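Presented below is the structure to which this report refers.
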Amino acid sequence: MATTPTTPTRWTGANSARSGGSSQVPGAGAGARAGTGPVSGGVSSEGSGTGTGARGMTRRGLLAVGAAGATAALASGCGGRASADDGPLQFWNFYAPQRSEDPALNAQSKWFTDLVAQWNRTHKRRIELLYMPPPTYQNGSKLPTAFAAGAGPDIFLASPGDFLRYYNGGVLADLTPYVDKRAVADYHPDTLASRMVGDKVYALPMEVEPLVVYYDKRVWEKKGLSEGDIPATWDQLLDVGEKLTTKTRAGLVLKTLPGYLQNFLWYSWMWMGGGDVLDGHGTVTVDSRPVRQALQLWQDAVRSGITPSTAPAGDDMISGFKTGRAGMWHSGIWEIASLKAYAPDVDYGMFKHPLPPGGSYTTALGGWSFCANAKGRDPQAAAEFCGWALGSMEDECVERMTDWCIKAKRDIAPRRSALRLGTERGGYDDWAMKYMKEEVFPDGRPEPRYPPVVYKALSDAVQGSMLAGRSVADEAARAAQSVEAYVRSYKGASLI
C-alpha cells in the first residue's frame, strides 16, 4: 500500500507526470473504499474546539459561522493570493492525482486529471490539481484554516455539512451567472436546494450518495441465515447482529468515530422515527422521542457487544468483509465501485434501513460539490470552471457527470439527464446499482447543511450516549439546549 505523502500532490494537466499519491481513500460521502485512516464527511476537528487556527483563534471560533466575530474573521481574512497572480488556480481535492492498488481509485483520479487537462487545453486561465489524503482534507483543519488565513484554494470540494460554514463566512462565490438555467432545472430539486440561497447557486453537486446496510453473505449463510432473515425492524436488526457476533467478528458496524460522517450516517435513524433537529418553522425539536430512540438504538448496539467501539479492519468495510471481521456494515453507495474493482470475490448483499415502531423509511443522501472561492485569485474563472464542469446542458457536460457516476464511481447522478443517460448506457443494470436507484434513492432525503455549532451538539449527543453510556434523555436535552441557544442569535442563510 502506498505511503501517504507528507506534502500535497500537484498536477497541472498536459505534460505533467503524476506524483505518487496515497491509497487512503474517503469513506462515506466522499466516495470510495476507506484506507488506513478514519474519515469524516466534513471537517470534524473544528467542531471540537481543539487546536488553534490563524491569528490565535480556536478553529471553532474562527469557523463557527453565524457568530458575528467568526464571520468577521472569515470575511476579512479569506482573501486568496493577489489577483495579479496569473499562475494556475488551485483545485484542492481528495481524489487526484494519486495512484492506488484499487483500480476504482485510479479511475476516479483519472476523471479529475482528464477534466483539468481538457479545461487547460481550451482556456487561458489554467488549473492545478492539489491532492490531499482524505483524513487531511476531511478530518483535519487544513481547508477551513487556510480560508481563515487568506490562503484558501480557488476551487474546492465541499459537502452539505460544510455549506453554511463557508457561505456565511463569505467564502462561496455565486455560480449562478455561469450555470445554464436549464441545468439548474435538470438537477433533482432537493439535491441542489441545499446548495442554494434564494435563487442563487453556490455549489454544484457531482453525485448523490444514499445509505444502506451491507452484509457478508458467507458469514450470513454460515449462521444459517437467508434473505428471509433480512431485518425489517430495529429489534430484528439487533437480533441478527447478535447471531453474527463472535469474539473476532462484529455483528453490525456503525460509525463510532465522531465527525460529520458519523452525523450523516446517524440522521436517517432519527428521521425514520419522525424526528428532526428543526421543524419546518425553525423550531428546535431535538429533545423528542424519535431523537431519543435513535440515540438509544446506537447505544444498545454498542452495549450489547454487537457494534464494537472501534471499527474493525481499520474502519474499512471491504477489508472487514474480506477478513471475516464483520457481518453487517452501515455505509453508502460509494462502496460499490471498490467492491466491484478491488474485491470482486466478496459475496455481499445489502438492504434498506430497518424501521422503528411506527416509522417510515428514508435514507440520508450525501455527496460532494464543486465550489469556487469568492476571495480567491480569480473568482470569475473559478466559478466559470465549476459551471463548465457540471452546470451546462452541453453533451460533454452531461456525459462527464454520467461517466463519474457509472464508470469512475458508482453513484446516483444528481441531474435527470445524466441519470437517464447512465441508465441508457447500462450503468444501473447490475443488481447493486439497480437496487440503489430504484429502491433506496427515491425515498431519500438530502443531507442537512447544519453549521458547526449544531453539528457539534448532535455529535456530542451521539458520542455521549453511544460510547460513554450516558442517558439518552440527558444527551438529547443537552443537545437541544445548545441548538436553541445558537438559533436564538444565529444570523445567516436558512438552516433548513
Side-chain angles (χ1 to χ4, degrees), residues 8 26 29-30 37-81 90-94 130-173 195 202-203 257-264 366 368-377 379 382 447-459 486 490 492-493 495:
V39 179
S40 166
V43 184
S44 64
S45 57
E46 286 67 47
S48 68
T50 59
T52 55
R55 301 177 181 86
M57 294 180 65
T58 64
R59 295 176 196 142
R60 178 177 176 182
L62 195 62
L63 293 161
V65 291
T71 303
L74 279 169
S76 63
C78 269
R81 288 149 297 280
Q90 289 192 351
F91 184 177
W92 290 15
N93 74 97
F94 46 84
L130 193 146
Y131 170 83
M132 294 182 185
T136 300
Y137 192 98
Q138 299 174 347
N139 266 0
S141 62
K142 183 74 174 180
L143 187 64
T145 54
F147 279 126
D154 302 288
I155 306 161
F156 60 102
L157 300 178
S159 71
D162 297 314
F163 183 84
L164 288 181
R165 176 203 307 266
Y166 295 133
Y167 173 81
N168 289 346
V171 169
L172 298 181
R195 281 85 165 189
Y202 290 90
L257 186 74
Y260 276 97
L261 173 55
Q262 185 187 52
N263 282 30
F264 167 61
W368 292 80
S369 300
F370 281 25
C371 303
N373 183 358
K375 305 294 179 64
R377 288 172 296 172
E447 178 184 0
R449 59 186 195 182
Y450 302 136
V453 173
V454 177
Y455 140 75
K456 186 59 167 55
L458 298 173
S459 178
Y486 178 71
Y490 174 76
L495 297 172

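Bear in mind the structure is a predicted one, so any value in this text is a computation, not a measurement. One-based numbering along the sequence shown.
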* Hey, which of Arg377, Gln90, Lys375 is the one that makes side chain to side chain donor-acceptor pair (under 3.5 Å) with Asp154? -> Arg377

* To do: Could you check if a side-chain atom of Phe163 sits within less than 4.5 angstrom of a side-chain atom of Ser369, using non-hydrogen atoms only?
  => no

* Asked: Who passes ring pair (Phe, Tyr, Trp, His ring centres under 6.0 Å) against Phe91, sequence neighbours left out?
  -> Phe112, Phe370, Phe385

* Residue pair Cys371 / Ala158: nearest heavy atoms and the distance that separates them -> SG-CB, 3.7 Å

* With a 4.5 Å limit on heavy-atom distance, are the side chains of Ser459 and Tyr260 in contact? -> no

* **Where Leu495 and Pro451 come nearest, the two heavy atoms and their spacing** => CD2-CD, 3.4 Å

* Apply side chain to side chain contact (heavy atoms under 4.5 Å, CB included) to Val171 and Phe156, showing your working. => CA-CA 11 Å; Val171 169; Phe156 60 102; 3.9 Å; yes

* Asked: What are the two closest non-hydrogen atoms of Glu447 and Pro160, and how far apart are they?
  -> OE1-CD, 3.4 Å

* To do: Output yes when a side-chain donor or acceptor of Thr145 lies under 3.5 Å from a complementary backbone atom of Ser141, and no otherwise.
  => yes

* Asked: About how many Å separate CD1 of Ile155 and CG of Asn373, when rounded to the nearest 0.5 Å?
  -> 10.0 Å

* Asked: Do Asn168 and Tyr490 touch side chain to side chain, with heavy atoms closer than 4.5 Å?
  -> yes

* For Arg449, side-chain hydrogen bond (donor to acceptor under 3.5 Å, both in side chains) partners two or more places apart -> none

* Is a side-chain N or O of Tyr137 found less than 3.5 angstrom from the main chain of Leu157, in a donor-acceptor match? -> yes

* Asked: What closest approach, in Å, do Gly152 and Phe147 show between heavy atoms, and which atom pair accounts for it?
  -> CA-CD2, 3.6 Å

* Asked: Taking only residues two or more places apart in sequence, or in another chain, which ones meet Tyr450 in a side-chain hydrogen bond (donor to acceptor under 3.5 Å, both in side chains)?
  -> Asp276

* Asked: Do Leu164 and Tyr455 come close enough that some side-chain heavy atom pair is under 4.5 Å?
  -> no

